[in-house]
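One structure is given here, and the rest of the page talks about it.
These values consider heavy atoms only, across backbone and side chains, with no hydrogens, waters or symmetry-generated copies.
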Amino acid sequence: MQLLAKNTLMKKNWWKFLTIALLLYTITVGLLQDVPRLPILNETIRALYFHVTMWFGMIILLVVAVVQSVKYLRTNDLKHDDMAVEFTNAAILFGILGIVTGMLWAKFTWGDYWSGDPKQNASAIGLLMYFAYSILRNSLTDVHQRARIGAVYNIFAFAAFIPLIFVLPRLTDSLHPGNGGNPGFNAYDLDSKLRMVFYPAIIGWTLLGTWLSVVRVRLRRVERKLEDKLINQVS
């Protein structure tokens, strides 16, 4: 009976074990494996496994959040709002980590942590939009009003965020690879060694964000049940 319970638990949580394995692989191999010796970049190209992959994970989490926001507007079911807000929060965390790791990379490749590059500025503006999302939600007390307004804001924020960080920097001069006429990494140096870590890292960070979101959703629902129980007792 205990063996069956353990097997059931393993099957249910397989993706969590996969998350741990992928992130351990990313950190270990990413820091120890040989990388291409490119001018200026040299060892700093290892930041590719963290800076870029975290932002990929962030975008995927934001897509999930938008889908959940749309589902809430269609159903008025708070379980979708829970998912939307927590996936957005996880995406914001990855966005912050992505900017910090990008600043460290910029210090060695561009000579300064923050050079006012269009990509950097656009990323900062995008994160500020999502900070405003959190502030807006926290300023509202009615649960369903907060969910409705948050869902609408989330959808429009995502619609503005994508062109802000992917389209506009390409239309002006930029030091960032893939922008301002500069070739992206994939165009000239994302060789097989880098790909062996790059793609697993995207999956690993995305799964970690999902894990964090799921835990936070459970906590949010427990808190709501306790609040409802307290209100019923008082009434």
Side-chain angles (χ1 to χ4, degrees), residues 15-65 87-115 117-128 130-131 161-162 164-166 169 174-179 182-213 215-216:
W15 62 277
K16 296 179 181 178
F17 295 106
L18 178 61
T19 302
I20 296 171
L22 287 174
L23 292 181
L24 286 176
Y25 171 80
T26 297
I27 294 171
T28 304
V29 180
L31 294 179
L32 298 179
Q33 178 181 257
D34 288 336
V35 292
R37 293 298 187 268
L38 299 172
I40 301 178
L41 290 175
N42 297 315
E43 290 290 332
T44 67
I45 198 172
R46 296 182 191 277
L48 182 77
Y49 304 139
F50 306 94
H51 168 61
V52 180
T53 55
M54 283 179 179
W55 273 75
F56 268 99
M58 177 193 67
I59 296 299
I60 295 171
L61 295 174
L62 288 178
V63 169
V64 174
F87 270 86
T88 300
N89 288 338
I92 292 173
L93 173 62
F94 278 12
I96 294 172
L97 293 174
I99 280 189
V100 171
T101 51
M103 289 171 61
L104 294 174
W105 201 357
K107 175 63 176 178
F108 289 95
T109 56
W110 301 347
D112 201 356
Y113 290 110
W114 198 275
S115 59
D117 185 82
K119 188 77 167 187
Q120 287 181 319
N121 293 338
S123 300
I125 293 171
L127 277 182
L128 288 175
Y130 280 101
F131 288 154
F161 184 69
I162 296 302
L164 181 65
I165 64 171
F166 288 118
S174 174
L175 296 170
H176 196 281
N179 300 120
N182 297 325
F185 281 107
N186 191 55
Y188 60 91
D189 59 17
L190 192 55
D191 67 4
S192 58
K193 287 185 179 180
L194 294 177
R195 293 177 196 274
M196 286 174 60
V197 183
F198 182 77
Y199 293 121
I202 293 175
I203 299 172
W205 294 122
T206 303
L207 288 176
L208 178 61
T210 302
W211 193 348
L212 294 174
S213 301
V215 171
R216 286 290 303 165

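Using a 4.5 Å heavy-atom threshold, the side chains of T210 and V64 count as separate. Put simply, the side chain of I162 reaches to within 4.5 Å of the side chain of I59, judged on heavy atoms. With contacts defined as side-chain heavy-atom distances shorter than 4.5 Å, the pair V29/Y49 does not qualify. Looking only at side-chain heavy atoms (C-beta outward), Y130 and L62 come within less than 4.5 Å of each other.
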Could you please spell out the steps behind the side-chain contact (heavy atoms from CB on, under 4.5 Å) verdict for F56 and T206? CA-CA 8 Å; F56 268 99; T206 303; 5.9 Å; no
Before you tell me yes or no, could you show the steps for W211 and V215 under side-chain contact (heavy atoms from CB on, under 4.5 Å), namely the whole-Å CA-CA distance, both residues' side-chain angles and the distance that decides it to 0.1 Å? CA-CA 6 Å; W211 193 348; V215 171; 3.8 Å; yes
Any chance you could lay out the side-chain contact (heavy atoms from CB on, under 4.5 Å) test for M196 and Y25, step after step, and finish with the verdict? CA-CA 10 Å; M196 286 174 60; Y25 171 80; 3.9 Å; yes
Hey, mind stepping through W105 and L48 against side-chain contact (heavy atoms from CB on, under 4.5 Å) and telling me if it holds? CA-CA 9 Å; W105 201 357; L48 182 77; 4.1 Å; yes
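Note: H51 NE2 to L104 CG = 10.5 Å, rounded to the nearest 0.5 Å. W205 contributes atom CH2, which lies 11.0 Å from atom CG of L22 (distance to the nearest 0.5 angstrom). In this structure, the separation between CE on M103 and NZ on K107 is 10.5 Å, given to the nearest 0.5 Å. Between the CG atom of L31 and the OG1 atom of T26 there is a distance of 10.0 Å, given to the nearest 0.5 Å. To the nearest 0.5 Å, atom CE of residue M54 and atom CG of residue L93 are 8.0 Å apart. Distance check, rounded to the nearest 0.5 Å: CD1 of I92 to CZ of F87 gives 14.0 Å.
Between the side chains of W110 and S115, no donor-acceptor pair of N or O atoms lies under 3.5 Å.
Closest non-hydrogen pair, S213 versus A90, comes out as OG-CB, 3.3 Å.
In R46, the CZ atom is crowded: over 12 heavy atoms of neighbouring residues, nucleotides or ligands sit closer than 6.0 Å.
Using cut-offs of 30° and 60° for the angle between ring planes, the F161 and W55 rings count as parallel.
Among residues two or more places apart in sequence or in another chain, the side-chain contact (heavy atoms from CB on, under 4.5 Å) test is passed with N121 by W114.
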